[in-house]
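Below you'll find the structure I mean.
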Amino acid sequence: MKRTYLSALLAAALIGGASASTLVYGSGGEPVNLEGGNVTDGNSVIVHRQIYDYIVGFKLGTADLAPGLAVSWKPNANYTSWTFTLRKGVKFHDGTAVDADAIIFNVNRWWDPKFQYGYRDQGRTYESFGEQFGGFKGDANSVLKSVTKVNDSTIRFDLTQGVPAFANLLAQGYFGIASPKAIREQGAKYGTPAGTPVGSGPFKFVSWRTGDRIVLAANTAYWGAKPKVDEVVFRFIKDPSARLNELKAGGVDFTVDLAPDNLAAIKADKNLRAVLKPSFNVGFLSLNTKNQYLKNDKVRQAISMAINKKEIVQAFWNGLGTSNASFLPDTLNWANSKSVPADYKYDPQAAKKMLSEAGYPNGFTLDLWYMPVSRPYFPTPKPIAEAMAADLAAIGIKVNLRTKDWAQYLDDRNKDPGFDMYMIGWTGDYGDPDNFYAAYYGTANATQDSGYNPQNIAKLLDQGKSALNQADKAKIYAQVHELTYAANVRLPIVHSRPLAAARTYVKGWVPSPLGSEPFNTISVEGKK
Amino acid sequence: MSAYVLRRVLRTIAVVLGIALVVFVFIRALPGDAATVILGERATPESLARLRQQLGLNDPLPVQFGRFVSDVTRGDLGVGLKSQIPVLSDLRNRFPATLELTIGAILFAVIVGLPAGVIAALNRNRFADNAAMTVSLVGVSMPIFWLGMLLAYLFAVKLQWLPPSARTDIGVTFQPITGLFVLDGLLRGRPDVAWDAVRHLVLPSIALGTIPMAIIARITRSSMLEVLSQDYVRTAAAKGISRGRVVMKHALRNAMLPVITVIGLQVGTLLGGAVLTETIFSWPGLGSWLYQGITDRDYPVIQGGVIFAALVVSVVNLLVDLSYAVLDPRIQYS
């Protein structure tokens, strides 16, 4: 086996290496690392999806669960105990078995701060696990109580509380299952460019040249659909225009997160095909109820009526976004209330009148903070903020546009007195309304940045999390929808459809609404 | 001479240590930290507190500084908080890319800027002078980002003469030796690799070298004009020495001191990394890495990157100072 690693390391030292059918992906940046439990960024997760398998998978192009390493799973009646039956005969790329022991090893590595192979003393934090599962072993809020081997192909998770979405949590792209042998052998190097990540996914790791590219080779022994290309190269091209240039020049075969205004250029190029990813995000304007003006319900309602969302979405997303009156994207609209209008009413006259009724006929001045970075939900934050400022000026609210460095922005929004109004958003991790609502309602954070965190919403969110079926969930989240709509504290501006594009010979690419999908269905026949 | 060099080396060490201290204090004075950036929109007070504890950000400043100094004296610049990659390893991987790009940019700047300056000086107030100075003015004024995009679009997308980004094509396979791919291609007896690396180097070098080219052209022109008006140049011309010889042997060499100074300053600046050029051309150098470190509040990356950049600038300045003695024998160091 030493020889295997020697070859892998030698391969890692080599540069490039295109073969007969190479699929080149233009990634928006370099992965942070290639081990599960430690990342949440899309640039890492898309590579994880190729190298690793997950306990639970997703049906292609949807947020619906599908068998992964587990062929089936069953919760007990109150969702406090989950039993997973594992697929038999699956091997990691290093030839070792993917069995109950291997999965428990991975879970313990993420969950147990004292686990021998966690390497926490060397900087590993497994923060994405802590974030998704309420902390680590020994923490008061840890969702996980124990993970037990029932037999070689059966494991059981016992939880401290009922979590109906537990399988969804495990299916997230953050929790790929790695070879325990590889982790033991590589120590703290595992997952870094100096290591060799080993999973059981459709592609095997070959090399990682920092700042430039990662190369993976097809896993011809894959248990699922066999890859249709010999290798995949992930090129790190941070600038969206540079990614589009590479796509046009043929340097990459497909890419993601392009600026919405590139749509026309893509459509005009006969060699390219625009690919619209399903929307699974929300970009919103958050209002701070601790502000002397914004604590007034009528002022907030006036603001919601003054912003011409439809025009803004049309102007800045080039048709690649939708606007509604919900925090949830359309894929989760089963959880919306039917009594809430399709969107906020745009009526500047009524807004002006309402401002007068609130006692401010001559308006006032507020700060509107826009993000210094681009996100799929707000690709061009400054011009969008300018458009909102112009709408608000029309009803007499003078807006000072402000921004600051991203780290400061994230920090200062939660510090008293907070920002008057600020732009932020959320991209979903899994298909449950709680994943959207819980981040900005019903947490201590909600109180910090908006001063708004009523107990009735917090209680409903707790109930929603524990609801046993979708019908019960729908009833609970419909109430959350009604309350949040009426509160006008976080005004949803857009659910954007991230723009991706491919050369026309790229076939079989089915983008996931969750942002990352395996590439084993993609072929490049006809590529020169 | 050796005493002078020793003094300069000691001074460089003092400067680097001073910079290390200043950077250590200043980056921690900024609001926000690595935990805030790593967790981003997803941060909750609990997860922030937990991650800060894990990353050692809650330790008192003197403890953190003690740890930092102890590590640095052992040649360990720490591990990136976000990537978990040792800073030294990142520096080792990225510096050759920056060095190669710097060499390309300076070569372009000197090859175009120096003759342009000389021609402008020899044709003072005539068409060639006005044309060269107009081009250099445009070069100085042009935003690198815009120029880079323009070059990539024109030569890579439209004309398809050169690749739009990266250091090599996907299909090029070889084992680097120095990390300077053009050189490595030659050392490995692989002219195809060297040629591929040169093709990838052209556009970023032009984008990055345009401003230094313009500055060199302008400095060369003014320095040449000054030298050309000196008595010894007139004497040389009066003695019947050919114009070319007068210019090349007598004027240009003496006009080079300020030009070398400017080239040295430009090299120092470029070796610190070129964020915009690296971003446009996906060049895996120091600039974009350090910029990302600053954005991420990744203290070890910022500290390591700044200390390294300070060291490089100091060494380049020392080399420039020493080159004066070679160019002008009247200059002696003691």
Side-chain angles (χ1 to χ4, degrees), chain A residues 13-18 22 24 32-33 38 40 120 122-125 127 130-131 135-136 139 141 188 191-194 209-213 233 235-239 241-242 245-246 248-251 373 375 404-412 414-415 424-427 439 443-445 448, chain B residues 30-47 50-51 54-55 79 81-86 89-90 93-94 97 149 152-153 156-157 160 163-176 181 193 278-285 288-289 292 295-297:
Chain A
L14 294 175
I15 300 302
T22 300
V24 187
V32 173
N33 67 52
N38 259 322
T40 53
R120 280 169 160 83
Q122 294 176 63
R124 292 293 179 282
T125 60
E127 194 46 46
E131 189 193 333
F136 303 105
D139 290 350
N141 295 326
T192 72
R209 187 163 117 202
T210 52
D212 186 30
R213 70 188 65 159
V233 178
R235 287 192 48 201
F236 318 142
I237 308 172
K238 207 166 178 183
D239 181 55
S241 308
N245 279 347
E246 278 287 0
K248 282 168 168 270
V373 295
R375 286 285 186 274
K404 54 172 67 175
D405 166 86
W406 185 226
Q408 261 182 289
Y409 189 93
L410 291 169
D411 213 27
D412 290 356
N414 287 327
K415 282 185 183 159
I424 195 80
W426 182 261
T427 299
T443 67
N445 255 19
Q448 283 183 319
Chain B
L30 290 173
D33 57 24
T36 322
V37 179
I38 289 171
L39 293 172
E41 294 95 320
R42 290 154 199 281
T44 62
E46 297 78 31
S47 60
R50 198 164 50 224
L51 189 55
Q54 286 174 312
L55 295 176
V79 173
L81 295 179
K82 194 169 173 185
S83 65
Q84 298 298 317
I85 301 172
S89 156
D90 265 336
N93 285 330
R94 288 179 178 265
M149 294 299 296
Y153 184 74
V157 177
Q160 305 221 334
S165 65
R167 294 185 71 192
T168 56
D169 277 345
I170 291 296
V172 172
T173 308
F174 74 108
Q175 197 166 4
F181 287 178
V193 171
E278 288 177 12
T279 304
I280 298 163
F281 294 100
S282 304
W283 197 265
S288 47
W289 171 75
Q292 191 61 48
T295 309
D296 292 344
R297 297 287 193 277

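We name chains A, B, ... by the order of the sequence lines, and we start the count at 1 in each one.
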Should Arg213(A) and Arg167(B) count as side-chain neighbours, where that means a heavy-atom distance under 4.5 Å?
no
For residues Ala166(B) and Asp212(A), report the shortest heavy-atom separation together with the two atoms involved.
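Where Ala166(B) meets Asp212(A) most closely, the heavy atoms are CB-OD1, 4.0 Å.
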Counterpart residues, side chain to side chain donor-acceptor pair (under 3.5 Å), relative to Glu127(A) (two or more places apart):
Arg50(B)
Does one side chain, of Ser165(B) or Glu246(A), offer a donor that lies under 3.5 Å from an acceptor on the other?
yes
Nearest heavy-atom pair of Pro284(B) and Gly211(A): which atoms, and what distance?
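Answer, listing the atom of Pro284(B) first, then Gly211(A): CB-O, 3.3 Å.
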Would you say the side chain of Ser241(A) lies within less than 4.5 Å of the side chain of Met149(B), judging by non-hydrogen atoms?
yes
Pick one of side chain, backbone, both or neither for Leu51(B), based on which atoms fall under 4.5 Å of a heavy atom in chain A.
both
Compare all side-chain heavy atoms of Asp411(A) with those of Arg297(B) and state whether any distance is below 4.5 angstrom.
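Answer no - side chains too far apart.
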Which region of Gln84(B), side chain (C-beta onward) or backbone (N, CA, C, O), has a non-hydrogen atom less than 4.5 Å from a non-hydrogen atom of chain A, or is it both or neither?
both
Among Val24(A), Asp412(A), Asn141(A), Leu410(A), single out the residue with the greatest number of heavy-atom pairs under 4.5 Å to chain B.
Leu410(A)
Among the options Val373(A), Asn38(A), Thr210(A), Asn33(A), pick out the one with the most heavy-atom pairs lying under 4.5 Å from chain B.
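The candidate making the most pairs under 4.5 Å is Thr210(A).
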Check each atom of Gln292(B) against the heavy atoms of chain A and say whether the ones under 4.5 Å are side chain, backbone, both or neither.
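The side chain, not the backbone.
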With a 4.5 angstrom heavy-atom cut-off, which part of Asp139(A) approaches chain B: side chain, backbone, both or neither?
side chain
Can you tell which part of Ile237(A) gets under 4.5 Å to a heavy atom of chain B, answering side chain, backbone, both or neither?
both
Phe136(A) portion near chain B, given a 4.5 angstrom heavy-atom threshold:
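The side chain, not the backbone.
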Looking at Lys415(A), Arg120(A), Lys238(A), which one has more heavy-atom pairs under 4.5 Å with chain B than the rest?
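With the most close heavy-atom pairs to chain B, the winner is Lys238(A).
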How close do Gln160(B) and Ala249(A) get, heavy atom to heavy atom, and via which atoms?
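Heavy atoms only, the tightest pair is NE2-CA, 3.8 Å.
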Taking all non-hydrogen atoms of both residues into account, name the closest pair between Ile170(B) and Thr22(A) and its distance.
CG2-CG2, 4.2 Å
Contact part of Asn245(A) toward chain B, heavy-atom cut-off under 4.5 Å: side chain, backbone, both or neither?
both
Region of Arg375(A) that comes under 4.5 Å of a non-hydrogen atom in chain B:
side chain
